[in-house]
Amino acid sequence: MCLAIPGKVVQLYDDTPNLALVDVVGVRRKVDLGLLENNMPVLGDWVLIHVGFAMSKISEKDAVEQMDTLRMLGEAEAAMQEIKGYGLEGTS
Amino acid sequence: MKFVDEFREPEVINKAAEEIRRLADPNRHYRIMEVCGGHTHAIYRFGLKDVLPSNIELIHGPGCPVCVLPMGRIDDGLSLAQDPNVIFTAFGDMMRVPGTQGSPLEHKARGMDVRIVYSPSDALKLAQANPDKHVMFFAIGFETTAPSTALTLKRAKMLGVKNFSVFCNHVTIIPAIRAILDSPDMRLDAFIGPGHVSTVIGCRPYEWIAKDEHKPVAVSGFEPLDILESIIMVLRQLRVREAKIENQYKRVVPWEGNRAALKAMGEVFTLRPYFEWRGLGFISQSALGIRDSYAEYDSEHRFHVPGVRVTDPKAAQCGEVLKGVLKPAQCKLFGKECTPEHPIGALMVSSEGSCAAYFNYEHRKAAMVSTIASVA
């Protein structure tokens, strides 16, 4: 909940512009872009995600380092569990 | 002994440690508080204490939202879940946190509809998928999670969803820092500022700490090198008796914060006159309530909330540990009655709490060493 999870924007949607499909180490889930409305990411951008919402844009290098930090903290598994949990299986 | 022996760049870490030793006056004792629970966790995990000279003491601050939530609020939230029409939702972090009648998970085992969500927007989705039920989201967190709750409420209102509400326990970090600085038994030299909270609030809200309290602040990232660099920043300031806010985590934290997030929070939340923090007591204007214009989405407005108050066990010295007056192991209950498996005090509840972090890394390490010694 407190540590941010890095993800890459791999798809944007015309009909739901506030959502993006992000890829976090191979797991893809939709996240909300509403908190970046002043600085919307484009395809290929990296973002830091907190509880299903993209909170800031970061560089690819920082994204890789953030994932390493989560691994070193022993939080990578919890982070992946969080990402997999987004979207209430079957309803999104 | 470090739990992570392979730092990414060990030579850079060694250089940073050398610089810290050079900057630290050997005739002075430094007390530096890291505010954020994520930093506390990282400090123990990476064994940073072993890298620092013994006259630099890191004091673990109040930045673990699960830890500072009073048990009464958990009881209050769960009391609403007694209604068979209510689906109680919360982040996974909350599920094992004990109320007086057990944790949310234990309530689930007794047949209540308690579900983990990983995002407040999923709680809203659950409400849309279950129009005959009321979905309550038990919201916790500092400014890292509060904007997401705010935006979810805005979406709920826009979509006209009627069967959704938030039991709001969001807290704000600045008043907690003020309460700690106001505490008479507290003496701190500098702060390591929270990284991800600051992506939302920016660096300006800390300026009074430098201006009025003359304490340096370095907003920090979470890697070992980030934390060491932040310590270097505040030591450099202390050396020349300067006090300003520095942003070590520039690559992620903008000085002005995230305006869209602050705007969403401003539209949906209002400051509560006061709120109870576990271990710190009541702190004025330290928590977010839901504005009247969103009252229909406020669980505390829609339902009768008993307003339970549970005092922490007298023997638990969470407040002293939280303020840095005592080290975790100096509490009478530490590692005996109070362990991560059976937490009594607030700081043992979450992996980001200083007692749990200390127990998991230091205490177990010591136990291991003594076992090995006795076998040998």
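Fair warning: this is a prediction, and the values are worked out from it, not measured in the lab. Residue numbers start from 1 in every chain, and the chains themselves are labelled A, B, ... in the order their sequence lines are given, proteins ahead of strands.
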**Study point:** With sequence neighbours excluded, residues passing salt bridge (charged side-chain N to carboxylate O under 4.0 Å, His left out) with Arg251(B)
**Key:** Asp62(A), Glu223(B), Asp226(B)

Check your understanding: Side chain, backbone, both or neither: which part of Ile83(A) has a heavy atom under 4.5 Å from chain B?
Key -> neither

Study note, to complete from the structure: Honestly, the part of Lys154(B) sitting under 4.5 Å from a heavy atom of chain A is neither

Check your understanding: In terms of heavy-atom proximity below 4.5 Å to chain A, should Ser148(B) be classed as side chain, backbone, both, or neither?
Key -> both

Exercise for review: Without swapping roles, check the side chain of Asn258(B) against the backbone of Met55(A) for a donor-acceptor pair under 3.5 Å.
Suggested key: yes

Exercise for review: Taking all non-hydrogen atoms of both residues into account, name the closest pair between Gly85(A) and Asp122(B) and its distance.
Suggested key: O-OD2, 3.8 Å

Check your understanding: Roughly how far, to the nearest 0.5 Å, is CZ of Phe53(A) from OG1 of Thr144(B)?
Key -> 13.0 Å

Revision key, fill the gap. Highest number of heavy-atom pairs under 4.5 Å with chain B among Lys61(A), Gln81(A), Lys57(A) belongs to Gln81(A)

Point to revise | Where Phe222(B) and Thr69(A) come nearest, the two heavy atoms and their spacing | key: O-CG2, 3.8 Å

Check your understanding: Any residues in residues 32-47 of chain A near chain B, with a heavy-atom distance under 4.5 Å, and which are they?
Key -> Asp32(A), Gly34(A), Leu35(A), Leu36(A), Glu37(A), Asn38(A)

**Study point:** Within 6.0 angstrom of Asp15(A) CG, more than 12 heavy atoms from elsewhere
**Key:** yes

**Study point:** Contact origin within Glu75(A) toward chain B - heavy atom pairs under 4.5 Å
**Key:** side chain

Exercise for review: Output the option from Arg155(B), Lys263(B), Gln128(B), Arg259(B) having the highest count of non-hydrogen pairs under 4.5 Å with chain A.
Suggested key: Arg155(B)

Check your understanding: Is there a side-chain contact between His50(A) and Val200(B) (heavy atoms, below 4.5 Å)?
Key -> no

Check your understanding: Would one find more than 12 heavy atoms of other residues, nucleotides or ligands at under 6.0 Å from atom NZ of Lys108(B)?
Key -> yes

Practice item. Answer with side chain, backbone, both or neither: which region of Leu262(B) has an atom nearer than 4.5 Å to a non-hydrogen atom of chain A? Key: neither

Practice item. Taking all non-hydrogen atoms of both residues into account, name the closest pair between Val51(A) and Ser119(B) and its distance. Key: O-OG, 2.8 Å

**Study point:** Taking every non-hydrogen atom, the tightest pair across Tyr118(B) and Tyr86(A)
**Key:** O-CE2, 3.5 Å

